[in-house]
**Q** 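Quick one: the structure is below, questions incoming.
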Amino acid sequence: MVLYGVAALALCMLVGMLIGDVLGVAGGVDANVGGVGFAMILLVVATDRLRKRGLFPKPTEQGVLFWSALYIPIVIAMAATQNVAEAIGGGPMAAIAGLGALAAGAALVPVISRIGGQSEPLPAMTEAEKAEA
């Protein structure tokens, strides 16, 4: 059953990379455009639908969780490294866009933190919880 989870992850990765390659060709770019992101979205949607229908047993879920914990962060890190190398070679516009996105994200932190209002603080830890930590 764990093998089915690995197969689901591999299938989503292949389909996502295919979508990214097709988007790259359609956009006239000699690169994969968002393939890993599409793979992640497909994996989340597929596993959610299977889980809601009761077709996603726990061992299969463990197969997906195992590889997603190891494989997907590595692929994303590799893709990010390639993007940085290309961006540096592309001139100052990439750096300006990156700094603009950073500034916008930093400016939105106070706005996002106000969403949802105040909540109750967590209760104090019990002695048993302290011993486990």
Side-chain angles (χ1 to χ4, degrees):
M1 286 293 196
V2 172
L3 186 60
Y4 293 143
V6 175
L9 179 69
L11 180 65
C12 289
M13 190 67 187
L14 288 173
V15 172
M17 296 306 278
L18 179 67
I19 292 170
D21 287 339
V22 168
L23 283 175
V25 170
V29 179
D30 188 25
N32 184 302
V33 180
V36 175
F38 286 115
M40 295 299 312
I41 292 169
L42 286 171
L43 184 63
V44 168
V45 170
T47 56
D48 183 54
R49 287 192 178 170
L50 288 172
R51 195 175 290 122
K52 284 181 180 178
R53 292 180 183 166
L55 300 173
F56 202 65
K58 199 68 169 168
T60 304
E61 184 177 353
Q62 293 301 317
V64 171
L65 291 176
F66 172 75
W67 281 106
S68 64
L70 295 175
Y71 180 71
I72 293 175
I74 293 169
V75 171
I76 291 172
M78 289 184 336
T81 303
Q82 290 173 350
N83 291 342
V84 169
E86 288 293 321
I88 290 172
M93 191 58 187
I96 294 169
L99 290 173
L102 177 69
L108 287 175
V109 168
V111 175
I112 293 172
S113 68
R114 288 190 205 120
I115 296 174
Q118 292 286 73
S119 62
E120 291 294 319
L122 293 174
M125 290 178 65
T126 64
E127 292 299 321
E129 292 172 333
K130 289 179 185 177
E132 288 178 10

**Q** Can you name the closest pair of heavy atoms from Met125 and Glu129 and give their distance?
**A** CA-OE1, 3.3 Å
**Q** Please, which pairs that meet side-chain hydrogen bond (donor to acceptor under 3.5 Å, both in side chains) have at least one residue in residues 8-20, sequence neighbours excluded?
**A** none
**Q** Applying side-chain hydrogen bond (donor to acceptor under 3.5 Å, both in side chains) as the test, list every pair that has at least one member in residues 98-117; sequence neighbours left out.
**A** none
**Q** Which is it for Leu14 and Leu18 under the side-chain contact (heavy atoms from CB on, under 4.5 Å) test, yes or no, and what are the steps along the way?
**A** CA-CA 6 Å; Leu14 288 173; Leu18 179 67; over 6 Å; no
**Q** If you look only at pairs with a residue in residues 37-46, which of them pass as a side-chain hydrogen bond (donor to acceptor under 3.5 Å, both in side chains), with sequence neighbours excluded?
**A** none
**Q** Nearest heavy-atom pair of Cys12 and Ala39: which atoms, and what distance?
**A** O-CB, 3.4 Å
**Q** Only pairs under 3.5 Å count here: list side-chain donor-acceptor contacts from residues 91-110, not counting sequence neighbours, and write none if there are none.
**A**
none

**Q** Under 3.5 Å, sequence neighbours excluded: what are the donor-acceptor pairs made by side chains of residues 41-51?
**A**
{"unit_1": "Thr47", "atom_1": "OG1", "unit_2": "Leu43", "atom_2": "O", "d": "2.8"}
{"unit_1": "Thr47", "atom_1": "OG1", "unit_2": "Val44", "atom_2": "O", "d": "3.2"}
{"unit_1": "Asp48", "atom_1": "OD2", "unit_2": "Lys52", "atom_2": "NZ", "d": "3.4"}

**Q** Taking distance alone, no hydrogens or angles, what donor-acceptor pairs closer than 3.5 Å link side-chain atoms of residues 24-33 to residues at least two apart or in another chain?
**A**
{"unit_1": "Asn32", "atom_1": "OD1", "unit_2": "Gly35", "atom_2": "N", "d": "2.8"}
{"unit_1": "Asn32", "atom_1": "ND2", "unit_2": "Met17", "atom_2": "O", "d": "3.1"}
{"unit_1": "Asn32", "atom_1": "ND2", "unit_2": "Asp21", "atom_2": "OD1", "d": "3.1"}

